[in-house]
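Since the structure comes first, as C-alpha cells, the remarks are kept for the end.
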Amino acid sequence: MKKNILVVPGDGIGQEVTEVGKKVLDAIAKKFGHEFIYDEALIGHVAIEATGSPLPDETLVKMKASDAILFGAVGHPKYDNDPTAKVRPEQGLLKMRKELGLYANLRPIKLFDELLDASSIKPEILRGADILFFRELTGDIYFGEKGRKNDGNTAYDVAEYSRFEVERIARKAFDAARTRRKKLCSVDKANVIETSRLWREVIQKIALEYPDVEVEHQFVDATAMLLIKDPKRFDVVVTANLFGDILTDEASQIAGSMGMLASASIGDGTGVYEPIHGSAHDITGKGVANPLASILSAALLLDISFGLKKESEAVINAVDGVLKAGFRTRDIADANTPAASILGTNAIGEEVLKRI
Ligand code: IPM
Ligand code: MN
C-alpha cells in the first residue's frame, strides 16, 4: 500500500514523541512491504513564531492533500497566563478540527495489565476496564459565539448543537458499540442544559435503529464519579465536546498515565492521530517524555485510516512486549521499577522498534 502521511509535531514534547511515532510507522512499512511517503508541516506556537499564524494556509493545504496525519501537541506556557493574547497556539488546533470536519474524537481507554500499579486507583477496581470514548469535536461551547459585553465586564460563550451534529456522532458511537460489548452510555446534563436535552432526544431516536445495543443516559457529574468508582461498567461512552474533554483527562488515570493514551479524530476527510497529552513544556528537551501514546496513535492511524489491522496489532503487541519486559518511562514507573529499566524517549522507542 502506498500512502502519504503528514507529520505535524507542533509544540513542546510533540516534537520528540512524534519523531518516535514516525519511526514506528517506518518500521511497519518495511516489515509489511508498504510505502509511506512523509511530509511535515507547522502548527501551534512554532507556526506562530515562523509565520504569525497558528495554522498557516500551507499546513492546511498539505493536511487536506494527505491520507492521514500524525499529530503531536500544541501549546506554550507563554500564553497560559495571558488571557488577553489575541493569537494562541490552540486556535490552530480548533481551526484544523473545523476545517477538516473532524467531528468524532475517539479516545480508547485501555489499561495494559503491566501498568495496573501505575494508576492511583486500586488494581482490583481497574483490572479489565476497557472504555471507548466518542467525544464530539466540532461543536458545543468550543465553537459557539463568544465575547464580552457591559464594557468588557461580562463574558459569554454560546453552546450550540444541531440535530444533525448529534446524529452523526451518535451513529459512529452506536456502530462501534456493535463491534464491542454492545453497551452505550450517553453523557449529558439534560436536567439543566438545553443542548443536552436535544442531545438526549436524538440519542433516544437513533437508539431505535440499534435495538441490539443497550443504552444508558447519564448526567455528566454522575459519570465523573462512576469512572473512578467502577470504570468496568463502561463500554462505549458518547458525549459533547466540553464534557468529553474533561472526562477523558479523568479517564486517562485509569490507563495509568496521560502518556499512554492515543486518540483518533475522524470525520469527513483526512483523519488526525495524536496523543491526548499536551505539549508539556516542563519536560520538553529533556528526552524523558513517554512516546508510547504517539506510537499507539500510529497504531490507530494504521487501523482506522488505512484499514491495516495486522500492522496496527503488530504495533500494540510491540508496546505490550516492551512493558512486559519491564521497561518504563518515568511517568509510568513505580517504586519497584529498577533504575536501569527506566528509559528515555528514544531508548523506549528503540525497544518498541526491536519488537516490530
Ligand atoms: C484536547 C486539548 C484541547 C481541547 C486544547 C489544547 C484546545 O485539551 O485535545 O483535549 O480542549 O480540545
Ligand atoms: Mn483536553
Side-chain angles (χ1 to χ4, degrees), residues 8-15 17-18 21 42-48 53-55 59 63 69-83 85-109 131-144 146 157 159-161 165 169 187 220 223-224 227 237-255 257-267 271-282 284 289-290 293-294 296-297 300-301:
V8 186
D11 301 322
I13 61 166
Q15 301 274 343
V17 299
T18 310
L42 297 174
I43 197 166
H45 173 69
V46 291
I48 297 173
S53 160
L55 181 63
T59 296
M63 284 176 159
I69 298 169
L70 185 68
F71 195 93
V74 298
H76 194 279
K78 164 169 141 184
Y79 307 87
D80 293 346
N81 290 316
D82 178 10
K86 288 267 175 300
V87 181
R88 318 179 68 86
E90 290 81 1
Q91 290 163 344
L93 183 64
L94 297 180
K95 186 168 174 209
M96 171 187 82
R97 290 172 179 170
K98 202 66 173 180
E99 290 277 338
L100 297 184
L102 302 169
Y103 62 84
N105 182 217
L106 282 64
R107 296 187 164 182
I109 311 283
I131 311 174
L132 177 58
F133 273 89
F134 278 79
R135 168 190 176 195
E136 200 290 330
L137 203 58
T138 51
D140 203 4
I141 197 165
Y142 271 64
F143 290 94
K146 47 188 84 230
D157 298 271
E160 214 175 294
Y161 267 121
E165 287 174 304
I169 181 89
V187 177
V220 62
T223 309
L227 275 172
V237 178
V238 63
T239 191
N241 202 344
L242 182 62
F243 297 154
D245 178 46
I246 300 168
L247 291 177
T248 52
D249 264 33
E250 182 192 355
S252 73
Q253 293 312 297
I254 295 167
S257 165
M258 290 264 281
M260 293 301 299
L261 287 192
S263 82
S265 301
I266 56 172
V272 175
Y273 300 85
E274 62 177 307
I276 86 154
H277 64 67
S279 50
H281 281 266
D282 51 328
T284 296
N290 184 349
S294 180
L296 293 169
S297 298
L300 284 178
L301 182 158

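Just so you know, ligand 1 is whichever comes first in the structure, and atom 1 is the first atom listed for that ligand.
- Nearest protein neighbour of atom 5 (C) of ligand 1, counting heavy atoms only, is Leu93 CD2, 4.1 Å.
- Using a 4.0 Å cut-off to heavy atoms of Arg97, the atoms of ligand 1 that qualify are 1 (C), 4 (C), 9 (O), 12 (O).
- Put simply, the side chain of Tyr161 reaches to within 4.5 Å of the side chain of Asp140, judged on heavy atoms.
- When Arg88, Gln91, Arg107, His277 are ranked by how near their heavy atoms come to atom 1 (C) of ligand 1, first place goes to Arg107.
- Atom numbering of ligand 1 starts at 1 in the shown order; those under 4.0 Å from a heavy atom of Tyr142 are 4 (C), 11 (O), 12 (O).
- Near Arg135, meaning under 4.0 Å from any of its heavy atoms, are these atoms of ligand 1: 1 (C), 4 (C), 9 (O), 10 (O), 11 (O), 12 (O).
- Checked against the Mn ion (ligand 2), the N, O or S atom of Asp245 at the shortest distance is OD1.
- Between the side chains of Tyr142 and Asp157, not a single donor N or O lies within less than 3.5 Å of an accepting N or O.
- In this structure, Leu227 and Ala251 approach most closely via the heavy-atom pair CD1-CB, 4.4 Å.
- In terms of protein heavy atoms, atom 7 (C) of ligand 1 is closest to Glu90 CG, 3.8 Å.
- Heavy-atom proximity to atom 2 (C) of ligand 1, evaluated over Leu137, Asp245, Asp249, Asn105, is greatest for Asp245.
- In summary, the side chains of Arg107 and Thr248 do present a donor paired with an acceptor at a separation below 3.5 Å, with no hydrogens or angles considered.
- A donor-acceptor contact shorter than 3.5 Å links the side chain of Thr239 to the backbone of Val187.
- A donor atom on one side chain and an acceptor atom on the other are not found under 3.5 Å apart for Glu90 and Tyr79.
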